[in-house]
Every structure is written in structure tokens, then in C-alpha cells.
Amino acid sequence: MPSSDPAPGSRPRGPWLGIVADDVTGATDVAAYVTRTGESVVQLFGVPEGSLPEVADADCVVVALKTRSIAAADAVEQSLAATRWLESVGVEHVYVKYCSTFDSTPAGNIGPVVDAIAEHRGAGAVLVAPAAPENGRTVYRSRLFVHDQLLAESPMRDHPLNPMRESDLRVVLAEQSDVPIAAVVLPEVLQGPEIVQRAIDALADPRVNVVADAVTEADLGVLGQVALRHRVSSGSAGLAAGIAASAGHGDVARASALPEPPAGPVVVLSGSCSSATRAQVERFAAEHPSFVLDPVALDAGPEHLMVALAFVEEALAAGEVPLVYSTTDPAALVGVQERLGVEHAASLVEAAVGALVGRLVEGGVRRVVVAGGETSGAVVAALGPAGVRIGVEVAPGVPWTITLGDEPVGLLLKSGNFGGPDFFEQAASWT
Ligand SMILES: Nc1ncnc2c1ncn2[C@@H]1O[C@H](COP(=O)(O)OP(=O)(O)O)[C@@H](O)[C@H]1O
Ligand SMILES: O=C(O)[C@@H](O)C(=O)COP(=O)(O)O
């Protein structure tokens with residue numbers, strides 16, 4: 001039987017919504033969406049050791065993990081640890097945030113993580129709703145669209161780590177999960193939460209993952225009302241905002257008074273090879289000093305990284321906003337991956353970006369713009385903040401974040417496919 005949570009209504013004290021996000025940019029995306037609804041949101045990197053003062057005052061806590069592309073068993077273990085921690089601070093609903101393009105492989109990690117958290121919390125039905133219409137992700141008849149293309153026909157089919165070659169989410173999920181899969185289709189969603197809930201209640205299986213259609217924010221509002229009746233739900237930032245809005249206790253004034261990043265030198269780092277980022281890199285590199293980080297050269301020894309660092313320091317000294325990127329097109333990427341191995345190539349880039357950002361922040365950089373989820377994970381791991389406050393959005397789902405602690409740094413962590421062609425310019429000239 002689906003298990004029910006306390007009904008939405010008066011404002012709870014302390015965090016009521018806990019989000020386990022499978023990468024760092026996905027976490028900032030969902031944090032921004034929930035922030036918009038007037039809830040106060042704190043984003044943490046990993047599971048904290050003890051309590052944090054910022055958490056007690058928050059309505060929503062997002063735990064950003066880096067579990068999207070690791071072994072499923074590790075992803076499950078970390079996600080359960082995050083869930084337990086969120087439960088320890090009192091959250092009522094646990095939301096599993098994954099990519100709006102359902103980034104995963106037959107080994108996981110969406111299915112294994114959703115199933116493990118659902119089992120841990122004794123959940124019955126879990127919504128699986130990755131739609132994020134504002135960023136062009138819609139789900140109809142369980143097929144995921146990226147703007148006007150089916151997922152499997154979109155640039156996601158060439159993703160470096162998880163090429164998505166199937167658009168029917170029931171098929172994708174069935175490869176990763178033994179739990180029965182059902183669908184809630186748009187005509188049901190359009191009839192409102194009671195009809196959706198009735199459809200779920202009519203399902204024979206006590207434990208079921210329910211792929212839910214949604215093509216508008218209003219659809220996600222309906223699903224949000226349904227999700228609030230359950231202990232666990234899952235999707236991208238879209239459904240999380242639907243849940244937060246449906247809870248109905250957001251403080252609208254708070255959403256319009258968000259913090260700005262600290263002033264100071266800016267660098268742009270890009271390890272994303274997604275199509276949106278490629279266009280952003282091309283445009284920014286035409287106007288600003290830029291350095292190509294080459295995994296093959298990184299593999300040859302430390303010199304390439306030293307050259308990159310010197311290049312950036314020189315540009316900063318000249319008052320420029322430098323760009324360092326490994327961003328490349330699908331054909332070149334395949335060439336590098338065949339030569340070095342997918343994981344080794346990625347880890348070379350990520351280690352280099354991490355090493356660079358550590359030195360640059362030590363040297364006084366106060367705003368770091370990063371493209372790519374895994375790449376952002378490497379940046380955060382290198383800088384090591386416990387968490388961030390959520391600031392103003394530069395593009396939908398891409399907010400400035402400000403590190404907690406004494407010497408705040410502004411981090412703008414961009415999911416690969418987010419932002420328009422001028423995104424880096426917008427970020428670099430942000431006042
Ligand atoms: N030139 C390259 N060759 C091989 N791998 C690369 C290259 N550039 C980036 N990568 C790797 O590709 C992955 C891109 O993923 P990510 O940073 O999450 O970007 P996105 O958000 O676009 O998915 C990272 O692991 C990164 O290290
Ligand atoms: O849901 C989304 O699309 C994003 O929040 C996200 O997770 C994107 O992943 P990356 O492109 O790997 O950052």
C-alpha cells in the first residue's frame with residue numbers, strides 16, 4: 001500500500017523536504033527551483049559529519065552527492081547515508097533528484113537508488129517524473145523529450161559517460177530495477193491529483209515505480225500534490241518545485257531577496273562536452289583568453305597543468321576573465337576516450353580542474369564559473385565547502401551559490417546543457 005505523509009498545511013519548523021541529488025549541478029538546479037517557491041534552501045556537499053547551524057533554519061536541505069556515474073552499490077550506500085541524515089534532521093518527504101535527461105546506464109544508478117531509498121522508508125508508489133518544461137524536458141506517454149527531440153535522438157545519445165539511446169523511460173528503468181513499473185499518462189494528470197492518486201491506488205503491486213507524464217509546470221503542480229501524499233518521490237528540479245509549491249507555505253518575499261556572489265576575480269572552467277556548453281565555449285573563447293586542457297597532454301605529466309595555471313594567472317593579472325576548457329565535440333571525444341579509456345580521460349580532466357581551482361581560489365579568485373556536473377563535483381571536492389547558500393539564477397536552474405564559511409566564494413555550477421550561448425559572458429560580467 002502507498003504510505004501517506006502528513007497532509008500539507010501549516011509551516012513546519014525546520015527542514016521538511018530533503019533532497020538527495022546525484023550530482024552537484026543537479027543539486028544547485030533543484031535548490032534554485034525550490035528557492036523560487038519561497039522555501040529557504042541549504043545545499044550541502046556530501047553527508048555532513050555533525051549538525052550545521054544553517055540546516056536548522058532551512059525548510060529544504062539538498063544533499064549533493066557525486067553518485068551519477070559511480071558503481072551502483074556505492075551510489076546506493078551514499079544515497080542511503082544521505083537519506084538517514086536527512087531523516088535525522090526531521091524531513092518528512094525525501095526527493096531523489098536525478099537528471100532531467102535521465103542520465104543513467106543499464107547498471108543504474110537511478111533505479112537502484114530510488115528502490116533502496118523507497119525500501120528504507122517503507123514507501124509504496126514512487127513517482128518517476130524527470131520533466132522540466134522550462135528547460136525543454138517533457139514526458140509524454142512515458143517518452144522523454146529534449147525540446148522537440150526524443151531523448152534518444154537528442155545530443156544526449158552521445159553523452160561521454162551515459163549515452164541515452166532509449167526514450168521510453170519504462171524501458172530505461174526496467175533495465176535498472178526489478179520493481180514493477182507503471183505509468184501515469186497525461187490525460188490522467190490533466191484531470192488533477194485525485195485522479196492520479198486513484199490510478200496509483202488501483203495498481204496491484206504494493207511497491208511500484210510510476211513513470212509520470214508532464215509537459216507543463218501545471219502538470220508538475222498536480223504531481224507535486226500527489227507526491228506529498230507519499231514518503232518518497234523522484235525526478236528533476238521540476239517535480240521538486242511542484243512539491244514545494246503544493247506545500248503552500250513558501251515566503252514569496254524571501255525568493256526576491258537572494259544573496260549575490262562576493263566581488264572579485266572570475267574564472268570560467270568547462271569540462272562539459274554537452275552541445276549547449278560547446279556553443280557557450282565557442283562564443284566566450286572568441287572574446288576572452290582561453291586555454292584548451294588536453295587529456296592526452298595531462299596524461300603525459302604535470303607540465304600541461306603548470307602551463308594552464310600560468311596562463312590563467314597571467315590573464316587574471318591583466319584583468320581578464322580566462323576560460324579553461326576540455327570541452328570538445330563528440331568525434332574528438334571518442335578519439336580521446338579510445339586512446340585513454342573513458343574513465344581515465346574523465347579523471348585526468350577532473351583532477352586537473354580540481355587542482356587548478358584550488359590554486360586559483362588560494363590566489364584570490366572569488367567567483368568560479370563551472371560547466372558540467374562531474375566537473376563541478378571535482379571543483380567542489382577541491383574547494384571542500386560544507387555547503388552553499390542559494391543566490392540569484394543566471395539562467396534557469398543555474399543559480400549563483402555562495403559557499404558557507406568565513407571566506408565565501410561564489411560558485412556558478414552549470415549543468416552541461418543549461419544556459420544560452422551567452423551564458424559565460426553573462427556570468428563573467430555579473431555585477
Ligand atoms: N576532452 C575530453 N576528453 C575526455 N573526457 C572529457 C573531456 N572533457 C571532459 N571530459 C569528461 O566528460 C565528462 C563530462 O561530464 P560533466 O562534467 O558532467 O558534463 P555534463 O554536465 O555536460 O554532463 C567529465 O567526466 C569530464 O571529465
Ligand atoms: O536535471 C537536470 O537536467 C540537471 O539538473 C542535471 O542534473 C544535469 O546534469 P549535468 O549536465 O551532468 O550537470
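For ligands, and for the atoms within them, numbers begin at 1 and follow the listed sequence.
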Does any N or O atom in Ala345 lie less than 3.5 angstrom from one in ligand 1, N or O only?
no
A side-chain contact here means heavy atoms from C-beta on lying under 4.5 Å apart; do Val365 and Val312 qualify?
no
Glu374-ligand 1 polar pair, N/O distance under 3.5 Å:
yes
Could you tell me whether His159 and ligand 1 have an N or O pair separated by under 3.5 Å?
yes
When distances are taken from atom 24 (C) of ligand 1, the protein heavy atom at minimum range is Glu350 OE2, 3.5 Å
Got the closest protein heavy atom to atom 17 (O) of ligand 1, with its distance?
Thr375 OG1, 2.6 Å
Check ion pair Asp422-Arg283 (N to O, under 4.0 angstrom)
yes
Determine whether a donor-acceptor pair (N or O, by modelled atom type, separation under 3.5 Å) exists between the side chain of Gln280 and the backbone of Phe418.
yes
Measure the distances from the heavy atoms of Lys97 to every atom of ligand 2 and state whether one is below 4.0 angstrom.
yes
Taking atom 19 (O) of ligand 1 as the reference point, the nearest protein heavy atom with its distance
Gly372 CA, 3.4 Å
Heavy-atom distance under 4.5 Å between the side chains of Leu411 and Leu383, does that happen here?
yes
May I ask you to identify the nearest protein heavy atom to atom 13 (O) of ligand 2, giving residue, atom name and distance to one decimal place in Å?
Thr25 OG1, 2.5 Å
Salt bridge (charged side-chain N to carboxylate O under 4.0 Å, His left out) between Glu39 and Arg254, intermediate numbers included
CA-CA 8 Å; Glu39 299 287 320; Arg254 182 193 287 125; over 6 Å; no
Answer yes or no: does an N/O atom from Arg137 fall short of 3.5 Å to an N/O atom of ligand 2?
no
Flag Phe418 as yes when one of its N or O atoms lies below 3.5 Å from any N or O atom of ligand 2, and as no otherwise.
no
Do the numbers put Arg36 on top of the ring of Tyr33, so that NZ or CZ is under 6.0 Å from the six-membered ring centre and no more than 45° off the axis?
yes
Contacting atoms of ligand 1, where contact means under 4.0 angstrom from a heavy atom of Thr328
1 (N)
Which residue and atom name correspond to the protein heavy atom nearest atom 7 (O) of ligand 2, and how close is it?
Arg68 NH2, 2.7 Å
Is there a nitrogen or oxygen of Asn417 sitting under 3.5 Å from a nitrogen or oxygen of ligand 2?
no
Give a yes-or-no answer on whether the side chains of Gln176 and Ser104 include a donor-acceptor pair shorter than 3.5 Å.
yes
Polar contacts were defined as any N/O atom of the residue lying under 3.5 Å from an N/O atom of the ligand; does this apply to Asn417 and ligand 1?
no
Using a 4.0 Å heavy-atom cut-off, say whether Val349 meets ligand 1 through its side chain, its backbone, both or neither.
side chain
Strictly by side chain to side chain donor-acceptor pair (under 3.5 Å), give each pair with a member in residues 209-219 just once, sequence neighbours left out.
Asp115-Asn209, Arg207-Asn209, Thr216-Asp219
One thing to verify: whether Glu260 and Arg367 come together as a salt bridge, which I'm taking to mean a side-chain N less than 4.0 angstrom from a carboxylate O.
no
Around atom CD of Glu77, are there more than 12 heavy atoms from other residues, nucleotides or ligands closer than 6.0 Å?
no
Geometry only, no angles: is Gly373 polar-contacting ligand 1 at N/O separations under 3.5 Å?
yes
CD of Glu282: more than 12 outside heavy atoms within 6.0 angstrom?
no
How close does the nearest protein non-hydrogen atom get to atom 1 (N) of ligand 1, and which residue and atom is it?
Ser326 O, 3.0 Å
For atom 6 (C) of ligand 1, what is the closest protein heavy atom, and at what distance to 0.1 Å?
Leu333 CD1, 3.9 Å
Protein residue, atom and distance nearest to atom 27 (O) of ligand 1, heavy-atom basis:
Ala346 O, 3.1 Å
What about Lys414: any of its N or O atoms under 3.5 Å from an N or O on ligand 1?
no
Counting only nitrogen or oxygen atoms and a 3.5 angstrom limit, does Thr327 reach ligand 1?
no
Neighbour count >12 (heavy atoms, 6.0 Å) for atom CZ, Arg165
yes
Please list all pairs meeting side chain to side chain donor-acceptor pair (under 3.5 Å) that have one or both residues in residues 340-361, counting only residues at least two apart or in different chains.
Lys66-Glu350, Asp299-His344
Near Ser274, which atoms of ligand 1 are under 4.0 Å from a heavy atom of that residue?
20 (P), 22 (O)
Taking the six-membered ring for Trp, are the ring centroids of Phe291 and His304 within less than 6.0 Å of each other?
yes
Salt bridge between Arg366 and Glu407, side-chain N to carboxylate O under 4.0 Å?
yes
Minimum-distance protein heavy atom relative to atom 10 (N) of ligand 1:
Gly271 O, 3.8 Å
Side chain or backbone of Pro295 under 4.0 Å from ligand 1, or both, or neither, by non-hydrogen atoms?
side chain
Going by the atom numbers of ligand 2, which of them fall below 4.0 Å from some non-hydrogen atom of Asp29?
1 (O), 2 (C), 4 (C), 5 (O)
For Asp23, which part has a heavy atom under 4.0 Å from ligand 2: side chain, backbone, both, or neither?
side chain
Where does Glu374 meet ligand 2, judged by heavy-atom distances below 4.0 Å: at the side chain, the backbone, both, or neither?
neither
